[in-house]
Amino acid sequence: MLPLAERLRPKTLNEYIGQKHLVGQGAVLRQMIESHRLTSFILWGPPGVGKTTLAKIIAHELECPFYTLSAVTSGVKEVREVIEQAKKAARLQGGLFADADTQKGASPILFIDEIHRFSKSQQDSLLGAVEAGTITLIGATTENPSFEVINPLLSRCQVYVLKSLDKADLLELLNRALTQDEYLKSRKIEVKETDSLLRYSGGDARKLLNILELVSGTSSESGKSGLVIDNDTVTKVLQQNPVAYDKDGELHYDIISAFIKSIRGSDPDAAIYWLARMVAAGEDPAFIARRLVISASEDIGLANPNAMLVANACFDTLQKIGWPEGRIPLALATIYLATSQKSNSAYLAIDKALGEVEQSGNQPVPLHLRNAPTKLMEELGYHEGYQYAHDFPNHFVKQQYMPDELVGKQFWKPQGNPQEQKMIEWMKHLWN
């Protein structure tokens with residue numbers, strides 16, 4: 001027997017659950033289908049939200065040839081073979097289906113699942129066929145296309161974002177499964193509570209149906225004609241709540257982003273929560289420690305230079321003590337950074353200086369700042385007039401350090417924390 005998720009896979013837009021912003025009345029994909037004007041696009045969303053199903057429905061609605069490849073098992077050779085098949089199919093139909101009045105589909109559809117796994121060369125092999133209209137490409141990805149899909153292909157495709165199914169969507173799917181699937185109907189299932197089903201599914205339609213199938217297949221109550229499903233039943237069968245986290249996926253970047261922004265926003269409780277999410281999911285501790293070092297320099301910076309020392313000490317300690325004890329120095333550093341005063345003046349200064357370098361180019365180093373390791377360089381005036389700062393009171397002497405064209409330029413602008421105020425007062429004492 002086919003898995004429940006496959007038995008219930010919708011075949012028309014009216015059966016499709018969720019993604020109303022794309023396929024609801026008047027939405028962009030529905031309009032595209034109804035007008036029979038399909039362009040290449042990429043569906044980006046988490047697992048189990050209907051990317052593959054939507055592609056199949058579109059091909060069915062438009063009655064055009066449909067080819068599918070998986071980026072996990074296919075390469076350039078398979079792509080070229082499918083493109084040739086599409087060309088033959090187009091010729092048999094009398095062209096590339098350009099006449100919307102006589103043909104429903106714009107051209108044969110090539111659906112590529114997990115397109116983010118295609119290498120640059122594999123993606124390159126699609127460009128000509130997409131550009132010429134030989135195929136209409138529909139890609140599916142759980143990863144941010146702007147990171148994983150090459151720009152030339154992105155420029156030829158629209159990107160549509162699919163969302164996790166909400167509670168109403170999941171309950172509609174649950175009701176459909178219980179009332180339309182012959183096997184589940186035969187079990188006479190009564191669902192008394194849905195909290196666990198919804199929580200464990202995490203907005204993933206496939207996961208909800210898999211859980212329902214697992215519970216209905218392994219649970220029984222002697223002496224009763226039907227099966228009652230409640231929160232305890234689901235929890236006992238699944239044993240534990242699987243953590244929704246992919247160390248190489250989009251959620252990986254979302255959670256580390258929330259972690260760093262919580263530190264930057266001086267919210268130690270939120271920062272610790274996001275740290276716990278990463279620890280529970282098995283994130284690489286070294287990855288977290290590296291981000292703490294970056295945060296210490298970018299967000300705390302000169303307001304508390306000790307933050308860099310704490311972050312580096314955390315990194316070193318992790319290498320010495322390993323896991324799981326390493327979670328403790330990570331927590332220590334996280335709270336220390338979150339509760340520290342903040343300054344991004346060093347971060348802004350280097351970016352401003354880089355902008356100046358890009359704008360003004362390679363300005364010459366003043367002669368007195370250059371070394372003179374050879375006699376010729378001495379004769380040309382290299383190093384002449386340089387004053388050694390340590391020979392003067394306070395280890396300071398006024399002289400020009402900027403290129404001639406940039407004298408007076410200011411890149412570092414101290415901020416209002418006590419540490420930087422002390423630093424600027426000292427600079428004023430020396431230079432004024």
Side-chain angles (χ1 to χ4, degrees), residues 1-20 22-24 29-30 33 43 45-70 72-73 109 111-114 138 140 142 162-221 224-231 233-239 242 244:
M1 186 167 58
L2 289 173
L4 177 60
E6 193 60 35
R7 300 199 302 270
L8 287 179
R9 187 184 292 275
K11 295 179 175 59
T12 67
L13 278 182
N14 292 332
E15 296 175 355
Y16 190 81
I17 295 176
Q19 317 310 327
K20 296 293 190 294
L22 296 178
V23 299
L29 284 182
R30 183 177 284 270
I33 295 166
L43 299 172
V49 296
K51 297 186 291 294
T52 302
T53 297
L54 184 54
K56 290 182 176 180
I57 288 174
I58 291 172
H60 179 264
E61 294 277 349
L62 296 180
E63 298 180 5
C64 61
F66 183 76
Y67 304 94
T68 180
L69 292 175
S70 171
V72 176
T73 57
I109 291 174
F111 174 71
I112 300 182
D113 195 19
E114 299 188 87
I138 301 179
T142 56
L162 281 73
K163 304 173 183 178
S164 295
L165 272 63
D166 60 23
K167 180 179 179 180
D169 293 332
L170 293 172
L171 290 175
E172 182 182 352
L173 178 62
L174 177 63
N175 180 66
R176 180 179 296 177
L178 294 173
T179 58
Q180 295 186 12
D181 183 73
E182 294 301 324
Y183 171 74
L184 294 183
K185 285 164 62 177
S186 71
R187 293 297 315 271
K188 298 180 181 178
I189 296 171
E190 177 188 359
V191 178
K192 279 192 172 182
E193 297 172 317
T194 60
D195 289 348
S196 290
L197 278 170
L198 299 180
R199 185 176 76 253
Y200 285 119
S201 64
D204 183 326
R206 186 186 304 110
K207 190 176 290 185
L208 174 70
L209 296 176
N210 288 344
I211 293 171
L212 179 61
E213 188 170 37
L214 179 64
V215 173
S216 64
T218 58
S219 301
S220 62
E221 294 185 15
K224 293 187 178 182
S225 59
L227 167 65
V228 175
I229 296 179
D230 56 21
N231 294 334
T233 304
V234 174
T235 302
K236 286 177 183 177
V237 171
L238 296 182
Q239 297 298 314

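This one's a predicted model, so the numbers in the text were calculated from it and none came from an experiment. Hydrogens, waters and symmetry mates play no part in the numbers below; they use all other heavy atoms, side chains included.
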Point to revise | L29 side, atom CG; L43 side, atom CG - distance, nearest 0.5 Å | key: 7.0 Å
Practice item. Provide the closest heavy-atom pair for T179 versus K185 in the form atom of the first, atom of the second, distance. Key: O-CD, 3.1 Å
Review point. Can we say R7 and E213 salt-bridge, meaning some charged N sits less than 4.0 Å from an Asp/Glu carboxylate O?
Key: yes
Point to revise | Interatomic spacing from OG1 in T235 to OH in Y200 - rounded to 0.5 Å | key: 3.5 Å
Check your understanding: Does the E190 side chain pair with the main chain of V228, one donor and one acceptor, at a distance under 3.5 Å?
Key -> no
Review point. Are T142 and E114 close enough that some pair of their side-chain heavy atoms sits under 4.5 Å apart?
Key: no
Check your understanding: Could you go step by step and tell me if V49 and R206 meet the side-chain contact (heavy atoms from CB on, under 4.5 Å) rule?
Key -> CA-CA 8 Å; V49 296; R206 186 186 304 110; over 6 Å; no
Practice item. Give a yes or no answer on whether the side chain of K11 reaches the backbone of K56 with a donor-acceptor pair at less than 3.5 Å. Key: no
**Study point:** Heavy-atom pair with the smallest gap, counting every atom of L165 and A205
**Key:** CD2-CB, 3.8 Å
**Study point:** Interatomic distance, L173 atom CG to L209 atom CG [nearest 0.5 angstrom]
**Key:** 4.5 Å
Review point. If you take all heavy atoms of Q19 and L162, which pair is closest and at what distance?
Key: OE1-CA, 3.3 Å
Review point. Okay, side chain of T53, backbone of G50: is any donor-acceptor separation there less than 3.5 Å?
Key: no
Exercise for review: Could you check I57 against Y16 for side-chain contact (heavy atoms from CB on, under 4.5 Å), going step by step and ending with a plain yes or no?
Suggested key: CA-CA 9 Å; I57 288 174; Y16 190 81; 3.8 Å; yes
Review point. Any side-chain heavy atom of L174 within less than 4.5 Å of one from L178?
Key: yes
Review point. Just how far is it from atom CD of E193 to atom CG of L197, taken to the nearest 0.5 Å?
Key: 10.0 Å
Check your understanding: Is the shortest heavy-atom distance from the side chain of D113 to the side chain of L69 under 4.5 Å?
Key -> no
Practice item. Ignoring hydrogens and angles, state whether a donor on the side chain of D230 or T233 is under 3.5 Å from an acceptor on the partner side chain. Key: yes
Check your understanding: Any side-chain heavy atom of D204 sitting closer than 4.5 Å to one from S164?
Key -> no
Exercise for review: Report the C-alpha separation of I189 and I229 in whole Å, then their side-chain angles, then the decisive distance to 0.1 Å, and conclude whether the side-chain contact (heavy atoms from CB on, under 4.5 Å) test is met.
Suggested key: CA-CA 7 Å; I189 296 171; I229 296 179; 3.7 Å; yes
Practice item. State, with a plain yes or no, whether a side-chain heavy atom of N231 is found less than 4.5 Å away from one of T194. Key: no
Review point. Considering all heavy atoms of both residues, which atom of L227 and which atom of S216 are nearest to each other, and what is their separation?
Key: CD2-CA, 3.6 Å
Practice item. Quick one: pull up CD1 in I109 and CZ in F66 and give me the separation to the nearest 0.5 Å. Key: 6.5 Å
Review point. Which heavy atom of K167 sits nearest a heavy atom of L198, and at what distance?
Key: CG-CD1, 3.6 Å
Check your understanding: Can V23 and I33 be said to form a side-chain contact (heavy atoms from CB on, under 4.5 Å), step by step?
Key -> CA-CA 9 Å; V23 299; I33 295 166; 5.8 Å; no
Point to revise | Gap between atom OG of S201 and atom CG of D169 - 0.5 Å precision | key: 11.0 Å
